[in-house]
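Before any comments, here is the structure.
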Protein chains: 2
Amino acid sequence: MTNGEDSLKLSNQLCFPLYTASRLVTKCYQPLLSKLDLTYPQYLVLLVLWEEDQVRLSDIAVKLQLQSNTLTPLLKRMEELKLIKRLKSSEDERSIIISLTEKGIALKKEAEWIPESLGEKLNLSAVEAKQLYQLLYKLINSAE
Amino acid sequence: MTNGEDSLKLSNQLCFPLYTASRLVTKCYQPLLSKLDLTYPQYLVLLVLWEEDQVRLSDIAVKLQLQSNTLTPLLKRMEELKLIKRLKSSEDERSIIISLTEKGIALKKEAEWIPESLGEKLNLSAVEAKQLYQLLYKLINSAE
DNA sequence: GATATTTGTATCGTGCACGATATAAGTGAT
DNA sequence: ATCACTTATATCGTGCACGATACAAATATC
């Protein structure tokens, strides 16, 4: 972007808008998700499970790029909310299989309007959203 | 992006790469910042102060889009690390003025190589970085 | 087949982030 | 001056995120 003296200016750093945008988008979800009594990371877990039920904890960890020490308590809270079940795998006793409960499955219908609702909050055109999407994935894949 | 059935797919959501990219970039900073005994939000506060010393807590809050209940303990920890001073404003006894200590000022020199070092970790071209930067700011400004 | 290594999950400690709420200082209207 | 109102910061409680570490099940090695 720039070199030398200005490199430490907040306005010249990519890190800052990334950090701010991420928190801001999470914040946009908050009022929508609180109606479903969900937090943002819990919603991400459900997105995984709505696509494919019966997933190992370690597979969720890979998909969401989260570690076991983050996921374990998060999933335990979701279990307390009766959204998911945590069962040991019969094939490998070390693995925990996460599956949706009836309540977790039913929640999908209630969540279907969320993406659209969020799209309205963020004033990006379809082209811009796609561009941003691609750049972010390039960034994610570039740094391992 | 897409409508109907697929809208809840993780891979179709802008929120997820944003969230992941932000955590990933923070993680890239971590080894660099730990050498200076700093966390990422602490580094952001220093970026603000290196640009302009003697800033009110509330002004830092606006610049970093953080709330007082996040900043207060964060700044107290930085005070314990002898990086900053927290003094009540003489003009308005409600305000806290944050200023750099000698140690805080000296740290700027040690941090100057960080932006460049991070640029190497993230495999984005200058054009892509600028594009991403602009899209993120558009997003931030669009949603208030 | 006892031992070493790897893998999957959990535990512990620290530091954000933020909603809700409290408190004290300043401001304004009566 | 009094009382409502606003503003600046702090406190409290909850939920991530992650480094370090522990531990048990599975696998590999000898």
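Labels below follow one simple rule: chain letters A, B, ... track the order of the sequence lines, proteins then strands, and each chain is numbered from 1.
- Regarding A:R86, its CZ atom lies at a distance of 12 Å from the C1' atom of C:dG8, rounded to whole Å.
- Looking at heavy-atom distances under 4.0 Å, B:K76 makes contact with sugar-phosphate atoms alone, never a base.
- Think of the region where chain A sits on DNA chain D: with heavy atoms and a 4.0 Å cut, that region ends 5' and 3' at D:dG15 to D:dA26.
- Residue B:T70 is classed as a base contact, given a heavy-atom separation below 4.0 Å to a base.
- Contacts of B:S68 with the nucleic acid, taken as non-hydrogen atoms under 4.0 Å apart, include base atoms.
- Within the 4.5 Å cutoff, side-chain heavy atoms of A:P31 are placed close to those of A:K121.
- When the side-chain nitrogen and oxygen atoms of A:T72 are compared with OP1 and OP2 of C:dA10, one or more of them lie within a distance under 4.0 Å.
- Here the side chains of A:L107 and A:W50 are in contact, with some heavy-atom distance below 4.5 Å.
- Between A:L81 and A:Q42 the shortest side-chain heavy-atom distance falls below 4.5 Å.
- Distance A:I97 CD1 to C:dG8 P: 12 Å, rounded to the nearest Å.
- Rounding to whole angstrom units, CD of residue A:Q67 and P of C:dT7 are separated by 16 Å.
- Computed from coordinates, the A:I96 CD1 to C:dT7 C1' distance equals 14 Å when rounded to whole Å.
- Between A:N69 and A:Y19, the residue anchored closer to the 5' end of DNA chain C is A:N69, taking for each the nucleotide with the nearest heavy atom.
- Taking the nucleotide of DNA chain D with the nearest heavy atom to each of A:L74 and A:E93, the more 5' of the two is matched to A:L74.
- Contacts of B:T39 with the nucleic acid, taken as non-hydrogen atoms under 4.0 Å apart, involve only primed sugar atoms and P, OP1 or OP2.
- A:C15 contributes atom SG, which lies 9.5 Å from atom CG of B:L122 (distance to the nearest 0.5 angstrom).
- A 4.5 Å side-chain heavy-atom check between B:I60 and B:L66 finds every atom pair outside the cut-off.
- Regarding A:K27, its NZ atom lies at a distance of 12 Å from the P atom of C:dA20, rounded to whole Å.
- The backbone N or O of B:I96 lies less than 3.5 Å from no partner atom in the side chain of B:S89, so there is not a single donor-acceptor pair.
- Atoms CD1 (A:I98) and C1' (C:dG8) sit 12 Å apart, rounded to a whole Å.
- Checking B:P73 against B:R94, the closest nucleotide of DNA chain C that is more toward the 5' end is the one next to B:P73.
- No chain of hydrophobic side-chain contacts below 4.5 Å, direct or via other Ile, Leu, Val, Met, Phe, Trp or Tyr residues, connects B:L87 to B:I98.
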